[in-house]
Amino acid sequence: MSPTSTPTALLVHGAFADAAGWSGVVAELQSHGVPVVAPPNPLRGLATDAAYVASVAAQIDGPVLLVGHSYGGAVITVAGTAENVVGLVYVAAYVLEEGESLGELQGRFPDSPLGSSLRQTTYPVEGAEPAVEVSIVPEAFPSVFAADVPEDVTKVLAVAQRPLAAASFTEPAGAAAWRTKPSWALVAGADRAINPEVERFGAQRAGATVVEVEGASHAVAVSQPKAVADLILDAIRATG
């Protein structure tokens, strides 16, 4: 791939995870000569997080392909309006419509086990009352988030997870970049954090090119990095 025309893959992690979850995907992409950036997602609110990711994208020379996992899909849906973003890839992700919230999209389908597996804590907000954030109780983390990942790995992931501001579930998306940018989506067929029907619906509504990985958990980027990277490479070739 020509470095002058190859989009940079900007990988946006979701809630209850960090950028290290992309490690296997990064290695696959780098082996194909694809430039990669995997920044931290602040997880403090949809508009705030999208503004941060859009800023990261805008400071990259050349075209950018945004890749979002889980809640990161909602983030790239808004951030993808950045001028140099040429496409969107959703990985076991929420694909929102403009004005729609995570809660509204989820509410159309049966609940996953995630909702009953969350615990609430608080974090300080300067000049205001503490805000609520949520994480997955460690004992439920393996089955809900990463059922196809080895147990020794899930034990680490469970204690290293990053909480999501609870207000993110009700914040409406300020834009839907898939209306003007091409999109691709991977549906994790055995996802127990996001109902796979939520993933399918959003991807189909966006007109995305969809692949489904049967038996894959929500942590498909960890358990099957090559499958994720292959879809990203398809998108790179189509937009480069």
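Because the structure is predicted, anything quoted here is derived from the model rather than measured.
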All N/O donor-acceptor pairs, side-chain side in residues 140-152, below 3.5 Å, sequence neighbours left out:
| from | atom 1 | to | atom 2 | distance (Å) |
| --- | --- | --- | --- | --- |
| S143 | OG | A140 | O | 3.2 |
| D148 | OD1 | S217 | OG | 2.4 |
| D148 | OD1 | S223 | OG | 3.4 |
| D148 | OD2 | S217 | N | 3.2 |
| D148 | OD2 | S223 | OG | 2.8 |

Same hydrophobic cluster for [X] and [Y], using side-chain heavy-atom links shorter than 4.5 Å among ILVMFWY?
X    : Y    : result
I136 : L102 : yes
V91  : L114 : no
L10  : V85  : yes
V12  : V56  : yes
V26  : V53  : no

For [X] and [Y], work out which heavy atoms get closest and say how close.
X    : Y    : value
P113 : S117 : O-OG, 2.9 Å
W22  : A38  : CD1-CB, 4.4 Å
A177 : I76  : CB-O, 4.3 Å
S70  : G14  : CB-CA, 4.3 Å
N195 : P110 : ND2-O, 3.1 Å
Y90  : A93  : CB-CB, 3.9 Å

Please round to the nearest 0.5 Å and tell me the distance separating atom [atom1] of [X] and atom [atom2] of [Y].
X    : Y    : atom1 : atom2 : value
L164 : E133 : CG    : CD    : 9.0 Å
L66  : L11  : CG    : CG    : 9.5 Å
R162 : L43  : CZ    : CG    : 4.5 Å
S112 : I194 : OG    : CD1   : 8.0 Å
E199 : D191 : CD    : CG    : 4.5 Å
T239 : D234 : OG1   : CG    : 10.5 Å

**Asked** So H218 and H69, would you call those rings parallel, tilted or perpendicular, with 30° and 60° as cut-offs?
**Response**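 H218 and H69: tilted rings.
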- prompt: How about T77 and Y94: does a side-chain donor come under 3.5 Å of a side-chain acceptor?
  reply: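 The criterion, which ignores hydrogens and geometry beyond distance, is not satisfied for Y94 and T77.
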- N41 and Y71: side chain donor to acceptor below 3.5 Å: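 Per modelled atom types, N41 and Y71 side chains form no pair under 3.5 Å.
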Are any of the side-chain heavy atoms of [X] and [Y] separated by less than 4.5 Å?
X    : Y    : answer
V86  : V64  : no
L65  : T8   : no
V213 : V187 : no
P40  : D18  : no
V34  : L233 : yes
V95  : W178 : yes

- Message: Taking side chain to side chain contact (heavy atoms under 4.5 Å, CB included) as the criterion, tell me which of V211, L231, V67, L88 meets it with W184.
- Response: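 Of the listed residues V211, L231, V67, L88, the side chain to side chain contact (heavy atoms under 4.5 Å, CB included) partner of W184 is L231.
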Would you say [X]'s side chain and [Y]'s backbone share a donor-acceptor pair under 3.5 angstrom?
X    : Y    : value
Q59  : S55  : yes
T48  : G45  : no
Q106 : G103 : no
Q30  : A27  : no

Checklist entry - E171: what forms a salt bridge (charged side-chain N to carboxylate O under 4.0 Å, His left out) with it, not counting sequence neighbours? => result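 Counting only residues at least two positions away or on another chain, E171 forms no salt bridge (charged side-chain N to carboxylate O under 4.0 Å, His left out).
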Item to complete: Can you run down the salt bridge (Lys or Arg N to Asp or Glu O under 4.0 Å) pairs that involve residues 91-101, sequence neighbours left out, and say none if there aren't any?
Response: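 Only E97-R179, E100-R108, E100-R205 qualify under salt bridge (Lys or Arg N to Asp or Glu O under 4.0 Å).
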Checklist entry - Taking the six-membered ring of Y52, is the NZ or CZ of R44 close enough (under 6.0 Å from the centre) and on axis enough (within 45°)? => result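 No, R44 and Y52 do not form such a contact.
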Give me the other members of the hydrophobic cluster that V137 sits in, counting Ile, Leu, Val, Met, Phe, Trp and Tyr linked by side-chain heavy atoms under 4.5 Å, directly or via other members.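 V137 clusters with nothing; isolated.
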Run through the side-chain heavy atoms of Ile, Leu, Val, Met, Phe, Trp and Tyr, join any pair under 4.5 Å, and report what else lands in V156's cluster.
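Hydrophobic cluster check, V156: no partners found.
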With a cut-off of 6.0 Å (strictly less than), are more than 12 heavy atoms of other residues, nucleotides or ligands near CD of E139?
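Yes, CD of E139 has more than 12 neighbouring heavy atoms, counting only those of other groups under 6.0 Å.
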Quiz item: Excluding sequence neighbours, so at least two apart, what forms side chain to side chain donor-acceptor pair (under 3.5 Å) with T81?
Solution: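 Result, side chain to side chain donor-acceptor pair (under 3.5 Å) vs T81: none returned.
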